[in-house]
S.K.: 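Attaching a single structure in structure tokens format; questions to follow.
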Amino acid sequence: MSYNPNSPQSTATWTFLTNYTHVLVVLSRDPTSRIRDIAEEVGITQRAVQRILAELIDDEVLRVTKHGRRNEYKINRRKRLKHSLEAGKSVGDLLDLVS
């Protein structure tokens, strides 16, 4: 079940992980997910997903390949996390923890 902050059953007002992490989790499960499907599963707008994807691609966390009209996203699991508290940990380490 996905987190949806607009769900009437949701009592959470915050979450431990960022939307960036949530987008990566969705893509780790299905690298061909469409933007609208990612947005629905994460509980954010399609525009927010587009911005997050662009930033992750610019930072070389994601690589995108076109297959016809669909995109396939490859996660760079060796990419190091940026914050000093996470020094020495990679995107793959994070995904292994939360997936």
Side-chain angles (χ1 to χ4, degrees):
M1 180 160 71
S2 64
Y3 170 74
N4 182 347
N6 300 320
S7 168
Q9 299 140 325
S10 177
T11 58
T13 57
W14 61 276
T15 166
F16 281 104
L17 303 175
T18 68
N19 289 335
Y20 289 79
T21 304
H22 294 146
V23 167
L24 287 173
V25 168
V26 171
L27 291 175
S28 72
R29 294 177 183 165
D30 181 3
T32 62
S33 292
R34 296 175 302 176
I35 287 175
R36 77 169 150 227
D37 298 329
I38 297 168
E40 184 177 314
E41 193 161 350
V42 174
I44 59 178
T45 66
Q46 291 182 40
R47 190 169 185 93
V49 172
Q50 289 173 322
R51 183 181 41 78
I52 289 169
L53 290 173
E55 290 179 28
L56 291 171
I57 291 166
D58 286 346
D59 201 36
E60 299 179 351
V61 174
L62 287 178
R63 188 174 67 233
V64 61
T65 306
K66 290 270 255 186
H67 293 285
R69 294 180 52 179
R70 299 289 298 260
N71 288 334
E72 182 173 357
Y73 298 92
K74 173 109 170 107
I75 299 171
N76 179 357
R77 294 179 57 88
R78 294 188 305 215
K79 181 75 175 180
R80 293 287 173 201
L81 300 177
K82 290 182 172 188
H83 198 281
S84 60
L85 291 174
E86 298 133 7
K89 299 297 180 190
S90 69
V91 169
D93 294 331
L94 176 62
L95 290 173
D96 290 343
L97 179 68
V98 298
S99 294

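Quick caveat, the model's predicted, so the values are computed rather than measured.
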S.K.: What residues, two or more places apart in sequence or in another chain, satisfy side chain to side chain contact (heavy atoms under 4.5 Å, CB included) together with Arg70?
M.R.: Thr32, Arg34

S.K.: I need the Leu62 CG to Lys74 NZ distance, nearest 0.5 Å.
M.R.: 11.0 Å

S.K.: With heavy-atom distances below 4.5 Å as the criterion, would you say the side chains of Asn71 and Lys66 are in contact?
M.R.: yes

S.K.: Nearest 0.5 angstrom please: Thr21 OG1 to Leu97 CG, how far?
M.R.: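 These two atoms lie 10.5 Å from each other.
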
S.K.: Within a strict 4.5 Å, meaning less than it, do heavy atoms of the Val98 and Val25 side chains meet?
M.R.: yes

S.K.: Using side chain to side chain donor-acceptor pair (under 3.5 Å) as the criterion, list what pairs up with Arg51, not counting sequence neighbours.
M.R.: Tyr20

S.K.: Start with the C-alpha gap between Glu86 and Leu94, add the side-chain angles, then the distance that decides, and say whether side chain to side chain contact (heavy atoms under 4.5 Å, CB included) holds.
M.R.: CA-CA 10 Å; Glu86 298 133 7; Leu94 176 62; over 6 Å; no

S.K.: Would you mind listing every side-chain hydrogen bond (donor to acceptor under 3.5 Å, both in side chains) that reaches into residues 88-99, with sequence neighbours excluded?
M.R.: Arg77-Asp96, Ser90-Asp93

S.K.: Which residues pass the side chain to side chain contact (heavy atoms under 4.5 Å, CB included) test with Thr65, not counting sequence neighbours?
M.R.: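 Testing Thr65 for side chain to side chain contact (heavy atoms under 4.5 Å, CB included), a comparison that skips the adjacent residues, returns His67.
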
S.K.: Is the NZ atom of Lys82 crowded by more than 12 outside heavy atoms at less than 6.0 Å?
M.R.: no

S.K.: What I'd like to find out is whether the side chain of Val49 reaches to under 4.5 Å of the side chain of Leu53, using heavy atoms alone.
M.R.: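 A side-chain contact under 4.5 Å exists here.
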
S.K.: Does some side-chain heavy atom of Lys79 sit less than 4.5 Å from a side-chain heavy atom of Asp59?
M.R.: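 Answer yes - side chains close enough.
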
S.K.: Using the side chain to side chain donor-acceptor pair (under 3.5 Å) criterion, which residues pair with Gln46? Sequence neighbours excluded.
M.R.: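 Not a single residue meets the side chain to side chain donor-acceptor pair (under 3.5 Å) criterion with Gln46.
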
S.K.: Take Ile75 and Leu56 through the test side chain to side chain contact (heavy atoms under 4.5 Å, CB included) and record every step on the way to the result.
M.R.: CA-CA 9 Å; Ile75 299 171; Leu56 291 171; over 6 Å; no

S.K.: If you look at every heavy atom in Ala48 and Thr45, which pair is closest and at what distance?
M.R.: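 Smallest heavy-atom distance, with atoms named: N-OG1, 3.0 Å.
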
S.K.: Side chain of Asn76, backbone of Glu60: donor and acceptor closer than 3.5 Å?
M.R.: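 The answer is yes, because a donor-acceptor pair under 3.5 Å joins these two groups.
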
S.K.: Find out whether Ile38 and Ile44 are in side-chain contact, i.e. whether some heavy atom of one side chain is under 4.5 Å from a heavy atom of the other.
M.R.: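 Not touching, per the 4.5 Å side-chain cut-off.
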
S.K.: What residues, two or more places apart in sequence or in another chain, satisfy side chain to side chain donor-acceptor pair (under 3.5 Å) together with Asn19?
M.R.: none

